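Inspection log for the structure reproduced underneath, given as structure tokens.
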Number of protein chains: 2
Amino acid sequence: MRIALINENSQAAKNNLIYDVLCKVANKYGDEVINFGMFSADDTHSLTYVKNGLLAGILLNTKTVDFVVTGCGTGEGAMLALNSFPNVLCGLIVDSSDAIMFREINDGNAVSLPFAKGFGWGAELQLETIFDKLLMTKGGNGYPKERAIPEKENKLILDKVKSVTTKDMLTILKEIDQDFLKSTIDYDVFKEEFFKNCKDENILNYIKSVLE
Amino acid sequence: MRIALINENSQAAKNNLIYDVLCKVANKYGDEVINFGMFSADDTHSLTYVKNGLLAGILLNTKTVDFVVTGCGTGEGAMLALNSFPNVLCGLIVDSSDAIMFREINDGNAVSLPFAKGFGWGAELQLETIFDKLLMTKGGNGYPKERAIPEKENKLILDKVKSVTTKDMLTILKEIDQDFLKSTIDYDVFKEEFFKNCKDENILNYIKSVLE
């Protein structure tokens with residue numbers, strides 16, 4: 001699958017490290033990683049955790065990518081921002097058992113990690129284990145396995161409830177502060193990846209008009 | 001403040017323990033805890049984590065309560081369900097530093113805890129520390145303190161974004177599966193607390209009509 005890595009400003013300096021570990025694991029499973037930045041602490045295209053949420057909302061709702069890896073200092077802000085959007089289920093993942101259980105029970109399409117809290121010596125080893133457990137499965141197999149049926153039922157009920165509680169992505173893009181939208185998406189990697197891989201023509205046309 | 005405790009079916013047996021610890025800490029700070037169940041593993045009014053989300057959405061949007069404490073096995077399911085609703089920002093809280101940082105940085109109105117994962121010997125001691133850190137502050141003071149202004153700004157931007165991405169609660173209540181809604185709210189504690197403390201007349205009237 002195609003995985004977006006999105007870092008916000010406070011932990012932007014760790015983008016290279018996270019990208020390298022994520023690529024190493026993704027290669028093992030035949031997944032592709034696209035780095036949406038921020039690429040460094042002095043990257044001029046600044047992303048806040050709220051902007052990470054908006055980017056993830058666009059990328060997932062248009063199937064530009066299949067999965068998003070994001071985070072912030074504690075992981076909470078990015079998690080809250082991503083979960084504000086339709087068709088995004090973002091777990092907060094602190095260790096490898098979170099990774100396994102989130103994929104098998106909750107079967108979401110995004111994860112937020114703490115890139116400052118608890119991120120000390122050997123953090124890259126912990127990251128590699130987490131990413132390995134995230135990507136080793138296609139998700140939704142249940143944990144424990146004998147609970148797979150009710151767990152899947154609840155996941156589908158949650159999807160249905162969320163389709164009622166949230167607006168559709170095109171409406172959101174039209175109603176959201178247009179300067180905030182433009183300042184989030186107006187940079188090279190986003191434009192390259194989005195216009196090449198977006199599967200939703202209406203959203204594609206709208207985004208095009210915003211960037212003109 | 002008024003705090004709702006909401007447990008789902010898989011960890012319902014721990015409701016008494018969690019309620020006792022939460023009350024002990026809440027008493028210290030002059031807060032009130034209302035136990036919305038499930039009260040035990042064989043409680044006949046069953047709540048799934050998705051139903052926890054719906055209950056929290058109603059209780060917070062009508063100011064029936066000010067804060068919600070919930071959870072499930074890992075905390076992820078209840079967190080996802082609560083965050084699907086407007087005006088709900090639910091953190092996933094695993095330890096006391098999560099509690100402090102979530103309150104001071106993210107300033108949310110709900111927390112979801114893992115009541116199975118990592119819930120071993122001394123879990124009630126860990127719970128007490130978490131609840132203490134959650135309730136000792138009114139929230140939003142920043143962590144570290146010198147980051148308070150940008151952190152508050154991002155919180156307000158997230159609130160604004162979420163007000164665009166989600167529908168209003170009354171619309172959600174009208175559009176959601178009505179059997180699912182009724183089966184979630186049709187029990188004594190909810191009806192007593194809601195009809196006594198709900199601050200939204202339109203939602204109150206709608207809920208009344210659903211329960212008739």
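The model shown is predicted, which means the values in this text are computed figures rather than measured ones. Lettering follows sequence order; numbering is per chain, from 1.
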Next item on the list: Take A:V161 and B:L54, measure what side chain to side chain contact (heavy atoms under 4.5 Å, CB included) needs, and give me the verdict at the end.
Entry: CA-CA 9 Å; A:V161 165; B:L54 177 55; over 6 Å; no
Does atom [atom1] of [X] have more than 12 heavy-atom neighbours from other groups under 6.0 Å away?
{"X": "A:F39", "atom1": "CZ", "result": "yes"}
{"X": "B:Y206", "atom1": "OH", "result": "yes"}
{"X": "A:K152", "atom1": "NZ", "result": "no"}
{"X": "A:L125", "atom1": "CG", "result": "yes"}
{"X": "B:K191", "atom1": "NZ", "result": "yes"}

Next item on the list: Would you please name every residue forming a ring-ring contact (aromatic ring centres under 6.0 Å, His included) with A:F194, sequence neighbours left out?
Entry: A:F190
Portion of [X] that has a non-hydrogen atom of chain B nearer than 4.5 angstrom:
{"X": "A:V50", "value": "side chain"}
{"X": "A:N83", "value": "both"}
{"X": "A:S163", "value": "backbone"}

Note to self: Using only non-hydrogen atoms and a strict under-4.5 angstrom cutoff, which residues of residues 87-101 of chain B touch chain A?
What the structure shows: B:L89, B:C90, B:G91, B:L92, B:I93, B:D95, B:S97, B:D98, B:M101
Check: Where on B:N154 is there a heavy atom nearer than 4.5 Å to chain A: the side chain, the backbone, both, or neither?
Finding: both
Check: Using non-hydrogen atoms only, which part of B:K117 is less than 4.5 Å away from chain A: side chain, backbone, both, or neither?
Finding: side chain
Note to self: Nearest 0.5 angstrom please: B:E76 CD to A:I105 CD1, how far?
What the structure shows: 9.0 Å
Check: Out of curiosity, A:I172 CD1 to B:K162 NZ, how far, rounded to the nearest 0.5 Å?
Finding: 11.5 Å
Notebook entry, point to check: So, for B:L158 and A:S84, which heavy atoms are closest and what is the spacing to 0.1 Å?
Noted result: CD1-OG, 3.7 Å
Margin query: Using every non-hydrogen atom in the two residues, find where B:Y49 and A:K155 come nearest and quote the distance to one decimal.
Written below: OH-N, 3.7 Å
Notebook entry, point to check: Given side chains that start at C-beta, do those of B:L80 and A:N106 come closer than 4.5 Å, heavy atoms only?
Noted result: yes
Next item on the list: Could you have a look at B:R147, B:E175, B:M79, B:K51 and say which one has the most heavy-atom pairs with chain A under 4.5 angstrom?
Entry: B:M79
Note to self: Among B:D177, B:D168, B:T48, B:T171, which residue has the highest count of heavy-atom pairs closer than 4.5 Å to chain A?
What the structure shows: B:T48
